[in-house]
Amino acid sequence: MDYYHIWCGLKAGVRDTDFSDAAHGYFAHLKSEGLIAGYRITRRKLGLGPSHLPEWHLIIETEGLGQLDDAFSKVSSRSDPVEGFHHAVNSLVDEIFFALYRDFPDPGRQRGEERF
């Protein structure tokens, strides 16, 4: 499983529930289309976390880079209905950072080839 991490803040005046509703709608649409395996929408709690990362943390789960590439291709087409979902989220955020992680060890990892 691959995990596409997104950290973001909200633009001034954006209600947290409006953002959460839009993000759930967007990710649920991608999942219903088979473009992602799952997702999580989380928010920093009690102010705990690195100060350089924004308050919101979204995680998209994919069953490999092929599925993630298919999702990116669909979203980058900028065609409806996915463009409407994407814009509904993207228009609310600022200060955004991305990262890509994987389960480890993954199925392709060969034992005995460790580097130190």
Checklist entry - How far apart are the C-alpha atoms of Arg40 and Phe27, what are their side-chain angles, what is the distance that settles it, and do they pass the side-chain contact (heavy atoms from CB on, under 4.5 Å) test? => result CA-CA 9 Å; Arg40 289 189 174 272; Phe27 294 153; over 6 Å; no

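- Residues Leu53 and Val93 do not share a hydrophobic cluster, clusters being chains of Ile/Leu/Val/Met/Phe/Trp/Tyr side chains in contact below 4.5 Å.
- Of the possible polar contacts, one joining the Arg44 side chain to the Pro54 backbone as a donor-acceptor pair under 3.5 Å is found.
- Under the 3.5 Å distance criterion, the side-chain polar atoms of Ser20 are left unmatched by any main-chain donor or acceptor of Asp16.
- Ion pairing of Glu83 with Arg78 is present here, as a side-chain N (NZ or NE/NH1/NH2) and a carboxylate O approach within less than 4.0 Å.
- In terms of heavy atoms, Lys31 sits closest to Gly38 at CD-CA, 4.3 Å.
- Counted within 6.0 Å of NE2 on His24, heavy atoms from surrounding residues, nucleotides or ligands total more than 12; the atom is thus considered enclosed.
- Taking both residues in full, the closest heavy atoms of Cys8 and Ile96 are given as CB-CG1, 4.0 Å, listed atom of the first, atom of the second, then distance.
- Trp7 meets the ring-ring contact (aromatic ring centres under 6.0 Å, His included) test with His5, His57; sequence neighbours excluded.
- Put simply, Val89 and Leu10 are part of the same group of oily side chains (I, L, V, M, F, W, Y) that touch within less than 4.5 Å, one to the next.
- Clustering of Ile, Leu, Val, Met, Phe, Trp and Tyr by side-chain heavy atoms under 4.5 Å joins Phe104 with none of the others.
- Both Val14 and Tyr26 belong to a single network of hydrophobic side chains, linked directly or stepwise wherever heavy atoms of I, L, V, M, F, W or Y lie under 4.5 Å apart.
- In this structure, Leu92 and Phe19 approach most closely via the heavy-atom pair CD1-CA, 3.7 Å.
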Next on the checklist: Does Arg102 form a side-chain contact (heavy atoms from CB on, under 4.5 Å) with Asp2? I'd like the steps, not just the answer.
Outcome noted: CA-CA 4 Å; Arg102 64 183 172 144; Asp2 290 325; 3.3 Å; yes

Could you list the donor-acceptor pairs under 3.5 angstrom formed between side-chain atoms of residues 58-75 and any protein atom two or more places apart in sequence or on another chain?
| residue | atom | partner | partner atom | Å |
| --- | --- | --- | --- | --- |
| Thr62 | OG1 | Gly64 | O | 3.2 |
| Gln67 | OE1 | Glu63 | N | 2.6 |
| Gln67 | NE2 | Gly34 | O | 3.0 |
| Ser73 | OG | Asp69 | O | 3.0 |

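- Looking at Thr17 and Arg15, their side chains do bring a donor and an acceptor atom within 3.5 Å of each other.
- Only one option out of Phe98, Tyr101, Phe97, Tyr39 pairs with Tyr4 in a ring-ring contact (aromatic ring centres under 6.0 Å, His included); it is Phe98.
- Cluster annotation: Leu100 is connected to Leu35 through the hydrophobic network of ILVMFWY side chains, with a link wherever side-chain heavy atoms come within less than 4.5 Å.
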